[in-house]
Amino acid sequence: MVKQIETENGNCWAIVFNEHFDLGDVCSMQNGLIEIMITATQSALYSTSQEEFYKILRLLDECLLTQDQYYEYERFLKNRK
């Protein structure tokens with residue numbers, strides 16, 4: 001879900017997962033962002049709004065799980081059995 005959260009730098013929008021999120025949903029979201037970027041580079045959006053393109057790249061960067069997060073989720077799934 002997308003939610004506004006309080007951080008040390010003020011309020012921010014975040015993509016928030018509950019403890020039972022599906023990695024397939026994360027992959028679908030990442031693929032969707034990549035498709036937006038591919039489409040943007042082939043349209044007038046890239047040449048007229050590079051700031052918007054940058055924001056999409058930042059969002060993709062923020063939503064990619066780190067290797068530690070993947071391992072933590074994998075451990076969580078193994079412990080559920």
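More than 12 heavy atoms of other shown residues, nucleotides or ligands fall within 6.0 angstrom of atom CD in Q69.
Looking at residues two or more places apart in sequence or on another chain, you find a side-chain contact (heavy atoms from CB on, under 4.5 Å) between E35 and I38.
For the atom pair E74 CD and Q67 CD, the distance stands at 10.5 Å (nearest 0.5 Å).
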